[in-house]
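Working notes for the structure below.
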Amino acid sequence: MTSVRLVKAAAAAVAVAAVVAAPYVLPSYVVSLLTLGFIAALLAGSVNLLAGQAGLVSLGHAGLAAAGAYGVAWATVQGLPLAAALGVAGALTLAVSVLYALTTMRTSGIVFLMITLALGITVFGLAVKLSSVTGGQNGLTGIRRPEPIGEWWQFYFFTAAVYGVCLLAMAALNRSPFGLTLRGVRESQSRMTSLGYSVRAVKFTAMVVSGGFAGLAGVLLAWNSEFMSPSAVSFPRSALAVVMVIVGGVGTLLGPLVGAGIVVATEYWLSSYVERWPTVLGVALILVVLYAPRGIVGGLEGLAGTLAQRPRRKEES
Amino acid sequence: MIPRSWQSRRTARLLLVVVALALAASACAPGEDGGGDQAGGSVKLGFISPVTGFVAALGTDMRRGWEMYWSQNGGKAGDTTVQTVFEDDTGDPDVALTKARRLVEQEQVQLVAGPILANTAYAVAGYVAGRGLPTVQMTGADDLTQRKFDPLVLRVGYTSSQSNFPAGQWAYEQGHREAVTICPDYAFGWESCGGFVSAFVEAGGKITKQVWHPLGTQDFSTYVSQARQANPDVVFVGSAGGPDAILFYKAWTGFGLKDKIPLIGNCCFADQVFLREVGDEALGLQSFTYWVEGRDSPVVQNFVKAYEQQHKEIPSLYAAGAYMMAQVVAEALKKTGGKIEGKAFIDAARQVSLSDSLYGALTFDDTNNVVGPVYRTQVARREDGTLWSVDEQTFPEVSQFGSEGKEAFLEHPVFSRDYTGQ
Amino acid sequence: MSLDEVALQALNGLSFGALLFLLASGFTLVFGLMKIVNLAHGAFYLVGGYVGVAAFGASGNFPLAVAAGAAAAAVIGLASERLLLRRVRGQELPEVLLTVGIALVLADACLALFGGNPRSIPIPDALAGGVELGAVTYPAYRLFVLSLAVAVGVLLYAVQHRTRLGALIRAGVDDREVAESLGIDVPRVFTAMFVFGAALAGLAGVVAAGLLTLRPGADTDILLFALVVVVVGGLGSLQGAAVGSALIGLLDAFAKVWAPELSSFAVFAPMAVVLMFRPSGLFGRSRP
C-alpha cells in the first residue's frame, strides 16, 4: 500500500473505533447529538450526491426526508408492524422522489434550484394541511422505535451503522459507471446526449437514488425524536443541508459528515452558550465560500495532495 | 448486478467490520446517566422557551416571568433552594427535544417547565414524561390535558378553547344571533374558535361563516373583506397574538370596520405586544382572557409594578404565565417538603389552590388543568397614558370542559376543521 | 360573488402585488444585470424596514423614515457587494451561497438590535383613513402603495430605456467585454445597480411596515414571495416583475376566498407550472 493509503486506512480505523467507543466515554446527551449528526450527514449526503456528482443543487431535499419520516410516523401511530411501516415509508419516499425527478429531469442550474425549492415547500405545506393524517402543526407523538434499537445507545449504533453502510454505498456509486455518467452530465449535457445517453433518464435515476437516502434519513429522524412535525422538514432544513454540503466540501465523500457535524454542533450545542449562533453559522458560511471554496474536506484533500509530494493519481472520491 | 467496486475485498471487509462492530457494541449497554438526587434542601429545574426564532418575544417574556418569581422569593420555595437551567428551543420541536435531553441527561434537572409552542410542548412533554420526570406546561394545546392526558404533565394555564366558552355565551346574551369567526388554520385556531362556537351555538346562536387563515398571514385584507360581506352581528377573532393579531387589526380598522361590527378577541389577541404596536386604535377593544394586567388586585398590581420597574414594559401573558408556573411549582415544593418524585409531585401540584393569583382564584381539575376565572376585558388607558386591559366582568371557575362536563366533552373529538363545535 | 366583491378582492390582490413589485423589481434587476440570485434581498428589506420604523419612532416623519430605511439598506448592499460578492464575481453558486450567509448574519443582527417583537409603522395621518370607492371604503394606504409601485415601475422603465444610464447598463449586460473596451467602467455600474436594488428593498421594507409587520422570519417569508414573482415573470425582466407581482397578488387574494384550502399552494403552483413549461418565465430571455 502507498503511504497515503496507509494513512487513510489508519484514519478510518481510528474513526470507527471512536464511533464505537463514544457511548462508553461520552455522556448520553452528547451521544444523542452524535446520532443527530449522523442523520443530518445522511441527508446532506443525499444532497451531495446530486450536487457533487451531477452538479445539481437541490433546495428541497427536506421534502424527500419528510416522505420517509411521515410514512413511518403515520404507520407506527396506526399500529402497523415494523415491516409494514417501513414499507409505507419506502413507498411514500419513492412516490415523492419520482415526483421530484419528473419535474426536474429537464432542468439544471438555477431553474433546478427553484423547482426543488418549490417542491420542498409544497411538501411542507401538505404536511401542515393534511392534519388528519400528519397531525398538522402539532405533529404526531408516540412514534416508538423498534424494540432492539429502543435505547439511546442502541439507536446510536444503529444510526452510525446505517450511515456507514450508506457512505460505502455512495462511495461505490461514485466509483461506478453510473457515477461517471453523472459527472459527464455535470460537465456537458449536450456532449452526453451526442454520446447517446438520455440525460433525462440519468437525472431521473439520480434523483430517485438520492431521494432514497433522504427518505432513509427521514425515517431515522422520526425514530430519533419519537415525534414528527412539519418544522423538521421545512425550507430552512433544506437550506441547512446545502450549507452542510458546502461547508464540508461539495463532491467529497466525507464533506457532508464534516459539514453536518459543524452545523449540528452550532445549532444544538453552541446555541446553549452563544445566543448569536446564527451569526456564527452565517460567518462560517461566508468564510468557507470566500476562502475555502472546496469546503473543509476539499481544502484538506488539496492540502494532503500538496503535502504528499508525489505525482498523485487523479482520485475520484 | 453488484457493482464491480463492491466486489473489492477491501470494501467488503470494511463493510463487515462496520456491521460487526455495531452488532457487538449494541450488545453491551454503557452506564446510564441516572437522574441525580440533589443535595438535601435544593432542587434543579429546567426551563425551555424560544428566545430566538420567530417567537423570540414570547420566549424572552416567559424567562423574565419565571425569573421574577424566584428573585422575589429569594430563589427559594419554603426551605428549598431552587436552581434553574435555561435553554432556548428556537421554536423548533427537534431543538426543543435536544435541549430537553440536555437538561435531563446532562444537567440532571428534576423537572422541566415549558416550552410554549404546541408542537415543541408535545415533543418535550413526551420525552420528559417518558423519563419519569414531571413537566409543567403553559401551552394551550387542548388535548395535552384531555385526550392525550399524562399523569406526569401539569398545565398551569388554560386550554385554547377554555377561555372562549364564556365568550360565546356572553355574545348570545348580548343579543347577537349571527356570528362570524376568524381564526388561524391550525390546532390553536381550531380550538380557540371551537370554544366560542360551541358555546354560542349551544346558547342558540348561528355561525354564518368561519374564516380560516394560514398562520403567519401577511395580508388580512381578503379575510376581513369576507367577514364584512357576511354582515354578522358580531365577529370573534381567535389569534395567537403578536404579528397575526396586529396585522388583522390593521386590516380591520383600515376597512373601517372598527365602529361598524362588534369584535370579540380571545385570550391572546389584545396582549401587550399588540397594544404597544397598535396604540390608541385599540381603545375599547373587548376580549375574553385570563390574564388582565389592569385588574384591581394587589397581587396583579404588585407584579406589574415590579416587572415594569425591571423591564420597562407591562408584563405580557407569557411573562404572567411563566410566573404562574413558578408559583405553582413553588407551592407544590412546599407541600412535598422539597422533594420531586415523579407523579407524587404532580399530585401535590394538583392540590394547589390559590384564592388569588395573577389569574385569580384557581384550582386544578383531575386531568391536571386549571379551573379558574375568565374575564371579559376592555382596552383602556392607564393613568400614565399607557394602554392596558381592565376587567369588566368575571366568569368564575371555568373548566376546560366548558359547560358540558368531562364525559360529554371527551366524547366528541378535539376541535378541528372537521369538528368545529357546531 | 358580486362585482363589488370582485373589485374589492382585486384591489386587495393588486395592492399586495404592488408591495411585491417594490421588492421583486430590485431583485430582478440585480439578476438581470449581474446574474446574481441575491437571497439576502429579504434581509435588506428587513434591515431597511427596521431602520425605517426606528426613524419614524424618533422623528414622526414618514418620508424621512422611508429615506432612512432605503439608505440603510443601500449601505449594507454596498458593503456586501464591495467586500464580499465582488470576490466571487461570475461564479453562480458561490455568489448565491454568499448571499445566504449574509442573510443569516443580517437577520440575526436585526434580532439582536431590534428584538423579537413585531414592529410596524402607524399609518401617517396623511395616508390614513379610507377612500370611498362605490359601496366600499378602501384603505387609503393600500392605494398609496399601489400608486407608489406604479410610479417606481414607470421610473425604472424610463431609466432603463430612455436614459443614457439605462443604455450603459443594457450595454454592460449584453456584452460586457465590448462595453468595457468602450471605456465603460462596468464593475462600477454593477456596484451601483446592486446598491440601488438594495435601496429598493429597503424602501419596500419601510412601506411594508405600514401594511404588514416586521419580525424575525419576515425576511424569508417575503423573499419566497419575491422569488415566485421573478420566476413567473422571468428573471431579469422588469415587465415580468410587474406582471408577475400583479398575478401573484391577485392569485393570493382570490385563492383565499375561493379555495382557502389551497391558499398557500396557490402561489407556488404557477411557479412550478411556469418552470416546467417555460423555465425562463413569462418575459424572461432564454439563456444560452
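Any value given below was found using the heavy atoms of this structure, including those in side chains, with hydrogens, waters and symmetry copies removed. Naming: A, B, ... by sequence-line order, numbering from 1 per chain.
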Apply side-chain contact (heavy atoms from CB on, under 4.5 Å) to residues B:Q106 and A:V30 and explain how you reach the verdict. CA-CA 8 Å; B:Q106 188 166 316; A:V30 179; 4.2 Å; yes

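A search for side-chain contact (heavy atoms from CB on, under 4.5 Å) contacts involving B:A57 returns C:N117, not counting sequence neighbours. Take A:L126 and apply the side-chain contact (heavy atoms from CB on, under 4.5 Å) test, not counting sequence neighbours, and it matches A:L130, C:F265.
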Donor-acceptor pairs are to be reported for all side-chain atoms of residues 155-171 of chain A against protein atoms at under 3.5 Å, with residues two or more places apart or in another chain.
from, atom 1, to, atom 2, distance (Å)
A:Y156, OH, A:V19, O, 2.7
A:T159, OG1, A:F155, O, 2.8

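Contacts of B:W212 with chain A are absent, with no heavy-atom separation under 4.5 Å from either backbone or side chain. The contact between A:S131 and chain B is made entirely by side chain atoms (from C-beta outward), counting heavy-atom distances below 4.5 Å. Contacts between A:W269 and chain B at a heavy-atom distance below 4.5 Å are absent for every atom of the residue. Proximity to chain A is limited to the side chain of B:T52, based on heavy atoms less than 4.5 angstrom apart. Interface residue A:L36: only side-chain heavy atoms are found under 4.5 Å from chain B. Looking at A:Q137, the atoms closer than 4.5 Å to chain B (heavy atoms on both sides) sit in the backbone and in the side chain alike.
Side chains of A:R237 and B:D92 form a contact here, defined as non-hydrogen atoms less than 4.5 Å apart.
The OG1 atom of B:T98 lies 6.5 Å from the OH atom of A:Y29; values are rounded to the nearest 0.5 Å. Considering CZ of B:R102 and OG of A:S32, their distance stands at 11.0 Å, rounded to 0.5 Å. Separating the OG1 atom in B:T139 from the CG atom in A:N138 is a distance of 8.0 Å, to the nearest 0.5 Å.
Options A:A232, A:A13, A:S229, A:S132 differ in how many heavy-atom pairs under 4.5 Å they form with chain B, and the most are formed by A:S229. Interface remark: of the candidates B:D418, B:D94, B:L97, B:D94 forms the most heavy-atom pairs closer than 4.5 Å to chain A. Highest contact tally toward chain A, considering only B:A121, B:G126, B:S416, B:P93, is held by B:P93 [criterion: heavy-atom pairs under 4.5 Å].
For residues 182-189 of chain B, the interface with chain A (any heavy-atom pair closer than 4.5 Å) comprises B:D185, B:Y186, B:A187, sorted by residue number.
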